[in-house]
Structures are given as structure tokens and as C-alpha cells.
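The first residue of the sequence shown is numbered 1, and numbering continues consecutively from there.
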Amino acid sequence: MNPRIGHYAISQAENAWQFWLSTRGRRMALATQARWRAIFQAAINASAKVNGVVAPRISVVKQKTQEVAAWLTKAEQDRLLESYADHVRPIALVLCFQGLRSAEALRLDWKHVDFSRRSIFVAKSKSGRQRSVPMHPRVFDALREIWIACGRPSVGPVFLNRWGRPYTDTAEKKEGGNPITKAHRTACKRAGIVGFTPHSWRHHWASWMVMTGCDLVTLMRLGGWSSPAMVQRYAAVSADHMADAIRRLT
């Protein structure tokens, strides 16, 4: 934090914190901001103790209520998928049908795509847990088409941007947001979909998995969540929606 706010006096701790939130922390999730706030407050407390002064308290990060699981109807889903640019559509298919986080999908390497076993290996995840997930038929077809067009590589990034270069790994480069956000917004506008972010695909996938009969333990393992509590929100899907999902599953 020093490069951004190290020049502030301890008496200006709140000003420093608000500046940091408006710059480095601007695009962070509330939970992530809260973790950084705890680190900053601990540093303030330690400094104040050493210097024999009263430690100022910086404002807390106000947490929202549990995130609502957003999902689309099958018609909306397919309309949105068709609205993506050609080089982004396969990424959206992976988000939609595999439940991967955007960063997991964008860093996918051909060495982790097993066409013989029809599986995808997620080598690096937010939770720190590796996992192997069965490949959905639509994802299998899309990835195999790319693979053949690229000369059947054994290693290398699966997805390339419109300039033919690998996408930025936002987990490594801390600045900037999701590299496909702009393309996603354009697709949503074309499809007439409102309030649906790239991360919403993960909620969409999880919701439909539950609506078609997947239990929460299996969902947790397939989605790479660290605890059952993380998937409890999907238990709220109504029985009517479940019945409708099963009738319309494709």
C-alpha cells in the first residue's frame, strides 16, 4: 500500500483509505476490500502503538446482503451466446456450460484440455484448489474446432484476443478488470439482456445445475467453491423452476 498512500500522515488515515479505495480498490469485490482494510488497520494500530498515539479508525467496508444468483432462461441464454463476437463466443460457452470463473477460462491451456476423456483440468483457481470437470458437448465441439484450426497444438493458450494474443491474466496483473467485459456488454446490448455480468454466467450455470437435479456437494466440487456455505444461495431455487428446467434441459 506504501506506493499509493505511504506519504499520508497517520492522522490522515481515513483520507488515505478513501484514496486507496478510489484507485487500487475501485474494482475489487467488497470482501476483498474488507481484507485490505483489515491489513491497513493493523498497520495503523502497530504504528500508533510504537509512536505512543491513539490509533485512528478507518471506515469499514459495508457488506451487501448475500449475492443473488442471477440466471437466464434457455431462450435468453442462447440469444446472448449468439450475440458474442466470434472470438469471444467459445469463452462464453465455457462460462455458460462449465461454470468456470472468467480468469480460469482465459488462462486455459491446451495441455489441460483432454479430448479423449472429454475433460478440462483447472490448474489454478481462486480457491487454490485444482479440479477436473467433464466437458459439456457444446464446449467439446467449440474447443475441438479451435484446436483443429490452430494445428492441433499440445500446449499454449486456448483463447486468444482479436489481435491473436493471449488474454491478460488478471490474477497476475492486479490492475484492470475482466478482459472480456467490453465484448460482453456489447453482446448483452445486442441480445437485450440487462444486469448480467460475465461473472453472472457462473451463477447461471450453478442455478441450472441445481434446477436440473445436481446436489450442492457435487456443485461445490465442480465449481471449485471452498465450502458448502458458498453454494447455499442456489438451494433457494424453487421447485417450480426445477420442474421447468428439467422439461427444457438441452
Participant: Do Trp17 and Leu30 land in one hydrophobic cluster if side-chain heavy atoms of ILVMFWY residues count as linked below 4.5 Å?
Facilitator: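 The answer is yes; both residues are in one hydrophobic cluster.
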Participant: Looking at CE of Met209 and CG of Leu222, how far apart are the two atoms once the value is rounded to the nearest 0.5 Å?
Facilitator: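 Here the interatomic distance stands at 5.0 Å.
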Participant: Does some side-chain heavy atom of Asp109 sit less than 4.5 Å from a side-chain heavy atom of Val158?
Facilitator: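 Val158 does not reach Asp109 side chain to side chain.
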Participant: Measuring only between side-chain heavy atoms, which start at C-beta, is Leu216 closer than 4.5 Å to Leu219?
Facilitator: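 Yes. Closest side-chain heavy atoms under 4.5 Å.
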Participant: Applying side-chain contact (heavy atoms from CB on, under 4.5 Å), run through Trp36 and Met1 and close with a yes or a no.
Facilitator: CA-CA 9 Å; Trp36 279 93; Met1 301 180 90; 3.7 Å; yes
Participant: If you look at every heavy atom in His112 and Ala123, which pair is closest and at what distance?
Facilitator: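 Closest pair (atom of His112, atom of Ala123, distance): CE1-CB, 3.5 Å.
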Participant: Compare all side-chain heavy atoms of Ser154 with those of Trp110 and state whether any distance is below 4.5 angstrom.
Facilitator: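 With C-beta onward as the side chain, the pair stays apart.
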Participant: If you take all heavy atoms of Pro198 and Asn178, which pair is closest and at what distance?
Facilitator: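 Shortest heavy-atom contact: CB-ND2, 3.6 Å.
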Participant: Using only atom types and a distance under 3.5 Å, with no angle test, would you say the side chain of His204 pairs donor to acceptor with the backbone of Leu72?
Facilitator: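 Checked: pair present.
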Participant: Heavy-atom distance under 4.5 Å between the side chains of Phe159 and Tyr167, does that happen here?
Facilitator: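 Side-chain contact under 4.5 Å: yes.
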Participant: Search all heavy atoms of Ala183 against all heavy atoms of Val88 and return the closest pair with its distance.
Facilitator: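 Between these two residues, the closest heavy atoms are CB-CG2, 3.9 Å.
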Participant: For the ring pair Trp71 and Trp205, is the centre-to-centre distance below 6.0 Å?
Facilitator: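 Not under 6.0 Å, so no.
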Participant: Using a 3.5 Å distance criterion without hydrogens, assess whether the side chain of Arg89 forms a donor-acceptor pair with backbone atoms of Tyr84.
Facilitator: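 Side chain of Arg89 to backbone of Tyr84, a donor-acceptor pair under 3.5 Å: yes, one is there.
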Participant: Main chain of Ala229, side chain of Gln232: is a donor-acceptor contact present, judged purely on distance under 3.5 Å?
Facilitator: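 Judged by distance alone, no pair lies under 3.5 Å.
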Participant: Just by distance, with hydrogens left out, do Glu14 and Ser59 show a side-chain donor and acceptor under 3.5 Å apart?
Facilitator: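 Side chains of Glu14 and Ser59: pair found under 3.5 Å.
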Participant: Taking salt bridge (charged side-chain N to carboxylate O under 4.0 Å, His left out) as the cut-off, I'd like each qualifying pair that reaches into residues 96-105, sequence neighbours left out, listed once.
Facilitator: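 Output for this query lists Arg101-Glu104, Glu104-Arg131.
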Participant: Looking at side-chain heavy atoms only, is the closest gap between Ile146 and Pro90 below 4.5 Å?
Facilitator: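 Side-chain contact under 4.5 Å: yes.
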Participant: Among the clusters formed by ILVMFWY side chains lying less than 4.5 Å apart, do Leu160 and Leu100 turn up in the same one?
Facilitator: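 Leu160 does not cluster with Leu100.
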Participant: Please examine the side chains of Phe196 and His184, heavy atoms only from C-beta on, and report whether any two atoms are closer than 4.5 Å.
Facilitator: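 Contact flag for His184/Phe196 side chains = yes.
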Participant: What's the separation between atom CD in Gln130 and atom CZ in Phe121, rounded to the nearest 0.5 Å?
Facilitator: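 With rounding to 0.5 Å, CD (Gln130) is 3.5 Å from CZ (Phe121).
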Participant: Ignoring hydrogens and angles, tell me if any N or O in the side chain of Glu76 forms a donor-acceptor pair with the backbone of Ile193 under 3.5 Å.
Facilitator: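 Judged by distance alone, no pair lies under 3.5 Å.
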Participant: Between the main-chain N or O of Gly99 and the side-chain N or O of Arg202, is there a donor-acceptor pair closer than 3.5 Å?
Facilitator: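 Yes: the side chain of Arg202 pairs with the backbone of Gly99.
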Participant: Just one of Leu81, Thr73, Leu80 clears the side chain to side chain contact (heavy atoms under 4.5 Å, CB included) bar with Gln77, so which one?
Facilitator: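 Exactly one candidate clears the test, Leu81.
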Participant: Before you tell me yes or no, could you show the steps for Leu143 and Ile120 under side-chain contact (heavy atoms from CB on, under 4.5 Å), namely the whole-Å CA-CA distance, both residues' side-chain angles and the distance that decides it to 0.1 Å?
Facilitator: CA-CA 11 Å; Leu143 295 190; Ile120 293 174; 4.2 Å; yes
Participant: Measure from NZ or CZ of Arg138 to the centre of the six-membered ring of Phe97, then state whether that distance is under 6.0 Å and the direction lies within 45° of the axis.
Facilitator: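 No.
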Participant: Under 4.5 Å between side-chain heavy atoms, counting indirect links through other Ile/Leu/Val/Met/Phe/Trp/Tyr residues: same cluster for Ile148 and Leu108 or not?
Facilitator: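 Yes; Leu108 is reachable from Ile148 via cluster members.
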Participant: Between Glu145 and Ala142, is there a donor-acceptor pair closer than 3.5 Å when you use the side chain of the first and the backbone of the second?
Facilitator: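 No, the answer is negative, given that no donor and acceptor are paired below the 3.5 Å cut-off.
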Participant: For Gln98, check side chain to side chain donor-acceptor pair (under 3.5 Å) against everything at least two apart and list the hits.
Facilitator: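 Expected list: none.
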Participant: Any donor-acceptor pair under 3.5 Å linking the side chain of Asn161 with the backbone of Trp163?
Facilitator: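 Indeed, once roles are kept as given, a pair shorter than 3.5 Å links the two residues.
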Participant: Please identify each residue that fulfils side chain to side chain donor-acceptor pair (under 3.5 Å) with Ser83, with sequence neighbours left out.
Facilitator: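 By the side chain to side chain donor-acceptor pair (under 3.5 Å) rule, Ser83 matches no residue at all.
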Participant: Side chains of Arg221 and Thr218: do they bring a donor and an acceptor to under 3.5 Å?
Facilitator: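 Thr218 and Arg221 do not have a side-chain donor-acceptor pair below 3.5 Å.
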Participant: Measuring only between side-chain heavy atoms, which start at C-beta, is Pro179 closer than 4.5 Å to Leu106?
Facilitator: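 Yes, side chains in contact.
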Participant: Do Ser119 and Met135 touch side chain to side chain, with heavy atoms closer than 4.5 Å?
Facilitator: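 A side-chain contact is absent here, since even the closest heavy-atom pair is not under 4.5 Å.
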Participant: Closest approach of Arg129 and Ser125, non-hydrogen atoms and distance?
Facilitator: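 Of all heavy-atom pairs spanning Arg129 and Ser125, the closest is O-OG, 2.7 Å.
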Participant: If I take atom CZ from residue Arg118 and atom CZ from residue Phe140, how far apart are they, to the nearest 0.5 angstrom?
Facilitator: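 The distance works out to 4.0 Å.
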Participant: Any sub-3.5 Å donor-acceptor pair from Ser47's side-chain atoms to Ile44's backbone N or O?
Facilitator: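 The answer is no, because no donor-acceptor pair under 3.5 Å joins these two groups.
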Participant: Could you give me the CA-CA distance, side-chain angles and deciding distance for Leu95 and Ser102, then say whether side-chain contact (heavy atoms from CB on, under 4.5 Å) is met?
Facilitator: CA-CA 7 Å; Leu95 301 181; Ser102 294; 4.1 Å; yes
Participant: Whether the side chain of Gln33 engages the backbone of Val61 through a donor-acceptor N/O pair (distance < 3.5 Å, no angle test) should be reported.
Facilitator: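 Side chain of Gln33 to backbone of Val61: no pair is present.
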Participant: Apply side-chain contact (heavy atoms from CB on, under 4.5 Å) to residues Met230 and Met220 and explain how you reach the verdict.
Facilitator: CA-CA 8 Å; Met230 299 295 292; Met220 180 187 73; over 6 Å; no
Participant: Measuring from atom OG1 of Thr32 to atom CZ of Arg27, what distance do you get when rounded to the nearest 0.5 angstrom?
Facilitator: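 It is 14.5 Å, given to the nearest 0.5 Å.
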Participant: I need the Arg152 CZ to Arg144 CZ distance, nearest 0.5 Å.
Facilitator: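 Between Arg152 CZ and Arg144 CZ, I get 5.5 Å after rounding to 0.5 Å.
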Participant: How long is the span from the CH2 atom in Trp147 to the CZ atom in Phe115, to the nearest 0.5 Å?
Facilitator: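 Answer rounded to 0.5 Å: 6.0 Å.
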